[in-house]
There are 2 protein chains.
Amino acid sequence: MQQMEQIVASLREEGFRITPQRMAIVDYLLKTEDHPSAELIHKVIRKKYPMVSLSTVYKTLELLKEKKLVNEMDVEGEARFDAHTDEHINLVCMNCGKIDDVDEDSLKDIQVKAARKSKYLILKSSFELSGYCSDCKSKFQA
Amino acid sequence: MQQMEQIVASLREEGFRITPQRMAIVDYLLKTEDHPSAELIHKVIRKKYPMVSLSTVYKTLELLKEKKLVNEMDVEGEARFDAHTDEHINLVCMNCGKIDDVDEDSLKDIQVKAARKSKYLILKSSFELSGYCSDCKSKFQA
DNA sequence: TTCCTTATTGATAATAATTCCTAATTAATA
DNA sequence: TATTAATTAGGAATTATTATCAATAAGGAA
């Protein structure tokens with residue numbers, strides 16, 4: 001679990017400016033358990049900080065992604081973001097769109113094995129399972 | 001490794017028609033080791049069968065996806081397709097865009113564990129590692 | 001603090017992947 | 001072969017994302 005100060009330090013260190021817009025986006029991403037889209041981040045943040053534009057949200061997410069401070073994932077053609085950057089599995093509900101995280105230590109081993117077999121230099125990982133969450137599952141068993 | 005006949009049978013069984021367009025797309029996906037985009041599938045297929053439109057490619061891929069005859073994955077905002085539906089890890093080269101598959105038996109276990117922990121009903125899985133392939137890797141070590 | 005430089009922002013235009021629309025076509029069945 | 005409902009072609013529409021660029025403001029220097 002990373003903290004605001006770490007992220008701010010990491011950006012400042014490389015000469016990036018700490019703006020209220022960036023703070024707001026990072027703050028929201030750290031506090032939420034969701035995996036929001038750029039659009040949703042924009043919508044939520046505007047309630048508190050009306051002076052944040054959608055293009056700034058996109059640019060900030062791109063920066064955070066590059067610095068590996070957030071992960072990006074794709075759900076049905078839409079990018080979703082997550083500041084929880086430890087190795088984990090994303091569970092995507094195909095009905096309600098919710099995303100849950102599941103910690104799983106063995107992912108690291110798999111990554112190492114795959115790197116060895118393939119001779120790739122691995123920089124990013126994404127483990128995703130899709131289906132129906134416990135709530136939605138019941139609707140399909142009626 | 002699935003065969004053409006299986007796919008054709010599986011579609012016909014559910015009342016879907018076997019059209020030359022669908023055959024061409026399935027045929028190409030079964031023969032290639034690549035993980036082509038809709039655009040590329042269209043381009044390649046038109047050489048042999050000029051009467052296939054891009055929207056048909058999209059619709060056919062959607063159908064094949066629904067019937068779980070191909071998997072879809074996302075590479076930098078572009079959908080890529082793969083008729084190799086066994087459990088495996090996709091290795092995506094962030095430099096040349098190549099995608100390799102690595103078989104890994106332990107994925108099934110992980111899937112079962114995650115389903116148990118989360119109470120999700122798992123329908124689809126996607127294990128993806130990104131980095132540099134062995135060819136591109138060397139360019140970054142000069 | 002005040003000024004300066006330049007990264008960052010906001011508004012909108014541009015782009016590109018995908019989906020939608022619908023008349024024309026055709027695979028499958030009798 | 002005739003029938004008909006599924007499928008297709010092609011272009012328009014949609015939509016998430018990126019690009020553009022003048023205006024603004026963060027951070028360093030004086």
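Below, read A as the first sequence line, B as the second, and so on, with proteins coming before strands; counting in each chain starts at 1.
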TODO: Grab the CE-P distance between B:Met23 and C:dA27 for me, whole Å please.
DONE: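 Spelled out: CE on B:Met23 to P on C:dA27 is 12 Å.
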Task: Spacing between B:His42 atom NE2 and D:dG10 atom C1', to the nearest angstrom - done: 10 Å
- [ ] Determine whether B:Pro36 and B:Ile41 make a side-chain contact, defined as any pair of heavy atoms from C-beta on separated by less than 4.5 Å.
- [x] yes
TODO: Using a 4.5 Å cut-off on heavy atoms from C-beta on, say whether the side chain of A:Leu29 contacts that of A:Asp82.
DONE: no
Open item on the list: Please encode protein proximity along nucleotides 16-29 of chain D as a string of B, S and -, counting only heavy-atom distances under 4.0 Å.
Closed with: SBBBB----BBS--
TODO: Can you sort out the partners of A:Lys67 under salt bridge (charged side-chain N to carboxylate O under 4.0 Å, His left out), two or more places apart, ordered by chain and number?
DONE: A:Glu14
Open item on the list: List the residues meeting side chain to side chain donor-acceptor pair (under 3.5 Å) with B:Lys108, not counting sequence neighbours, and say none if there are none.
Closed with: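 In terms of side chain to side chain donor-acceptor pair (under 3.5 Å), with neighbours along the sequence ignored, B:Lys108 is linked to B:Glu87.
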Task: Between A:Glu104 and A:Ser106: side-chain donor-acceptor atoms closer than 3.5 Å - done: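 A:Ser106 and A:Glu104 do have a side-chain donor-acceptor pair below 3.5 Å.
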Task: Presence of A:Arg22 side-chain N/O under 4.0 Å of C:dT9 phosphate oxygens OP1/OP2 - done: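 Yes, because at least one side-chain N or O of A:Arg22 sits under 4.0 Å from OP1 or OP2 of C:dT9.
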